[in-house]
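Working notes, structure below.
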Amino acid sequence: QVQLVESGGGLVQAGGALRLSCAASGRTISNYAMGWFRQAPGKDREFVAVISGTGYRINYVDSVKGRFTISRDSAKNMVYLQMSSLKPEDTAVYYCAAARVYSTVGLTSYDYWGQGTQVTVSS
C-alpha cells in the first residue's frame, strides 16, 4: 500500500513559478512509474508528465514542454514537478499518481493517487 501527499500549490501570477512535491509513504516507490495529472474546473483529469522508476524515461503533454520538469529522488521517496512560465490555463488541481508499469496518458494504469493540490495562476 502506497500513500501519496502533494504539496506546494498556491496562488501565483502569470509568468511565475512553483514546485510541487509528492511525498510517498507505506513503501518505497523506486519501482513505480510516477505521474502528474491535473483537473481544471469543469474538465476531465488530464495527463501532465510521467517518469519511469529508473528516471530514464520521461514524457510530457505538449502544452507544458519546455516549462515543466518532472524529477524524482529515490533516497527521499519523493517526486517533484517544477513549473515555470505559468499561464492562467495551467490553473487546476494537480495530482500525483503511482503505476506499477510505465504509462503515459492512461488514468486507469495508475494504482495510487494523492488528494491533489490547487494551483491558481492569475493573469
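- For A97, the side-chain contact (heavy atoms from CB on, under 4.5 Å) criterion is met by F37, Y110, W113, not counting sequence neighbours.
- Legend: residues meeting side-chain contact (heavy atoms from CB on, under 4.5 Å) with T69, ordered by chain and number and at least two apart, are Y60, Q82.
- Under the rule for a side-chain contact (heavy atoms from CB on, under 4.5 Å), the partners of Q1 that lie at least two apart in sequence or sit in another chain are Q3, Y112.
- Using a 4.5 Å heavy-atom threshold, the side chains of V119 and R38 count as separate.
- Taking each heavy atom of A92 and A40 in turn, the nearest pair found is CB-N, 3.7 Å.
- Among pairs with a residue in residues 111-123, those fulfilling salt bridge (Lys or Arg N to Asp or Glu O under 4.0 Å) read R100-D111, at least two apart in sequence or across chains.
- Under the side-chain hydrogen bond (donor to acceptor under 3.5 Å, both in side chains) criterion, Y32 pairs with no residue at all, not counting sequence neighbours.
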Identify all side-chain donor-acceptor contacts of residues 47-55 below 3.5 Å with residues at least two apart in sequence or on another chain.
| unit_1 | atom_1 | unit_2 | atom_2 | d |
| --- | --- | --- | --- | --- |
| S52 | OG | T54 | OG1 | 3.3 |
| S52 | OG | G55 | N | 3.3 |
| S52 | OG | Y56 | N | 3.3 |
| S52 | OG | R57 | N | 3.1 |
| T54 | OG1 | Y56 | N | 3.2 |

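- Shown here are the side-chain contact (heavy atoms from CB on, under 4.5 Å) partners of D73, two or more places apart in sequence or in another chain: A75, K76, Y80.
- Pairs of residues two or more places apart, or lying in two chains, that qualify as disulfide (SG to SG under 2.5 Å) and include a residue from residues 44-123 are C22-C96.
- Taking T28 as the reference, S30 meet the side-chain hydrogen bond (donor to acceptor under 3.5 Å, both in side chains) condition, with sequence neighbours excluded.
- When the side-chain hydrogen bond (donor to acceptor under 3.5 Å, both in side chains) test is applied to Q118, the partners found at least two apart in sequence or on another chain are T120.
- Classification of K87 and D90 as a salt-bridged pair fails, no side-chain N sitting under 4.0 Å from a carboxylate O.
- Annotation for A17 and S84: closest pair CB-CA, 4.0 Å, computed over non-hydrogen atoms.
- For residues 39-72, no residue pair satisfies the disulfide (SG to SG under 2.5 Å) rule, not counting sequence neighbours.
- In this structure, the side chains of R45 and L107 come closer than 4.5 Å at one or more pairs of heavy atoms.
- Listed by first and then second residue, the salt bridge (Lys or Arg N to Asp or Glu O under 4.0 Å) pairs that reach into residues 5-34 come to none, sequence neighbours excluded.
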